[in-house]
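Remember, predicted model here, so these are calculated numbers, not experimental data.
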Amino acid sequence: MIEKQRLINLIIEKLKQELANAVNSANQAHLAATDDQSVAETQYDTLGIEASYLAHGQSERAAMIQQQIVSYESLNCRSFEDDDEIALTAIVALDDSEQKLYFIGPHAGGLQLKIDNKMVNVITPTSPLAEQLIGLSIYDEIRLPNTSNLIEIRAVY
């Protein structure tokens, strides 16, 4: 069984790396927007304007990632028993050709992490898969998006 706090710490670490990249990109775009070479020489010269839009977008992205980090740092993980319904912070194992683990987190959907030699996919409650899983329990079956196969829920941690 995967220790959830270790998983949360890995997610926070990845988000902090993304935050550093976003801040760096915002700084680079800001420098480009304010550089002497970016001053418009004609009405069609939009390099400075484009760089300022990029800087603004990267700054907003950095702020969003910072909020996600705070959300994960204050996240209360719960333990799930066999008869509990799947909810936020559940790790779900599906029984298909290869065991896949899914962590239902508040943010960072699409993130894949390797922990204890197992791949864990982060999904958010609004993802199609999580929408099917939430409220179900172990041994219930779901149909994966874009497939016709029924998959059994093997475990919920």
Side-chain angles (χ1 to χ4, degrees), residues 1-33 51-157:
M1 187 161 88
I2 293 175
E3 182 188 340
K4 283 188 190 176
Q5 193 54 53
R6 253 180 76 209
L7 178 62
I8 299 295
N9 291 341
L10 281 174
I11 293 170
I12 291 170
E13 183 180 310
K14 290 286 188 184
L15 288 172
K16 285 182 177 179
Q17 290 170 1
E18 283 186 36
L19 176 62
N21 290 339
V23 168
N24 184 44
S25 295
N27 289 339
Q28 293 292 329
H30 178 73
L31 288 174
S52 68
Y53 285 145
L54 181 60
H56 178 72
Q58 289 294 346
S59 295
E60 285 184 343
R61 181 171 172 257
M64 180 189 69
I65 295 169
Q66 183 62 45
Q67 290 173 347
Q68 292 177 0
I69 291 169
V70 170
S71 177
Y72 269 105
E73 287 175 338
S74 62
L75 187 64
N76 291 323
C77 291
R78 66 177 264 216
S79 297
F80 289 83
E81 302 298 323
D82 284 348
D83 57 345
D84 288 343
E85 290 184 351
I86 295 170
L88 190 66
T89 75
I91 296 175
V92 180
L94 298 180
D95 188 21
D96 56 0
S97 58
E98 56 186 80
Q99 186 178 9
K100 297 179 182 178
L101 298 176
Y102 299 91
F103 173 72
I104 303 175
H107 306 286
L111 192 62
Q112 292 186 329
L113 303 161
K114 189 168 188 173
I115 185 167
D116 298 336
N117 290 324
K118 295 178 183 173
M119 288 303 295
V120 180
N121 298 294
V122 179
I123 59 176
T124 61
T126 58
S127 71
L129 179 57
E131 285 179 344
Q132 284 191 62
L133 290 171
I134 291 174
L136 298 180
S137 303
I138 191 169
Y139 308 122
D140 285 340
E141 293 182 331
I142 64 163
R143 189 174 315 278
L144 291 178
N146 302 321
T147 68
S148 60
N149 299 343
L150 286 174
I151 306 293
E152 185 178 77
I153 298 169
R154 178 185 281 179
V156 180
Y157 310 109

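- The line from OG of Ser25 to CG of Leu54 is 7.5 Å long, rounded to the nearest 0.5 Å.
- Looking at every heavy atom in both residues, Pro106 comes nearest to Leu75 through CD-CD2, 4.0 Å.
- Put simply, CD on Glu152 and CG on Asp95 are 6.0 Å apart, with the number rounded to the nearest 0.5 Å.
- Residue Ile86 is tested with Ile138, Val156, Ile91 for a side-chain contact (heavy atoms from CB on, under 4.5 Å); the sole match is Val156.
- Between Asn121 and Gln112, the shortest heavy-atom distance links the atoms OD1-NE2, 2.7 Å.
- You'll find the side chain of Phe103 reaches within 4.5 Å of the side chain of Ile11, heavy atoms only.
- Between the side chains of Glu13 and Asn9, no donor-acceptor pair of N or O atoms lies under 3.5 Å.
- Shown here for Glu141 and Leu136, the closest heavy-atom pair between the two residues is O-CD1, 4.3 Å.
- Between Lys114 and Leu10, the shortest heavy-atom distance links the atoms O-CD1, 4.2 Å.
- With contacts defined as side-chain heavy-atom distances shorter than 4.5 Å, the pair Ile153/Ser137 does not qualify.
- Interatomic distance, CG of Leu88 versus OG1 of Thr124, reported as 10.0 Å (0.5 Å rounding).
- Using modelled atom types, no side-chain atom of Gln66 and backbone atom of Leu19 make a donor-acceptor pair closer than 3.5 Å.
- Rounding to the nearest 0.5 angstrom, the gap separating the OG atom in Ser74 from the CD1 atom in Ile69 is 12.0 Å.
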Do Leu133 and Ile123 pass the side chain to side chain contact (heavy atoms under 4.5 Å, CB included) test, and can you show the C-alpha distance, the side-chain angles, and the key distance before you say yes or no?
-> CA-CA 11 Å; Leu133 290 171; Ile123 59 176; 4.2 Å; yes

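- Taking every heavy atom of both residues into account, Lys4 and Cys77 meet most closely at CD-CB, 4.0 Å.
- Between the OG1 atom of Thr89 and the CG atom of Leu7 there is a distance of 10.5 Å, given to the nearest 0.5 Å.
- Looking at Leu94 and Ile142, their side chains come closer than 4.5 Å, going by heavy atoms from C-beta outward.
- Taking CD of Glu3 as the reference point, atom CD1 of Ile115 lies at 7.5 Å (rounded to 0.5 Å).
- The shortest side-chain heavy-atom distance between Arg61 and Glu18 falls under the 4.5 Å cut-off.
- Other residues, nucleotides and ligands contribute only 12 or fewer heavy atoms inside 6.0 Å of the NZ atom of Lys14.
- A donor-acceptor pair under 3.5 Å is absent between the side-chain atoms of Ser71 and the main chain of Gln67, judged by distance alone.
- The minimum heavy-atom distance linking Val122 with His107 is given by the pair CG1-O, 3.5 Å.
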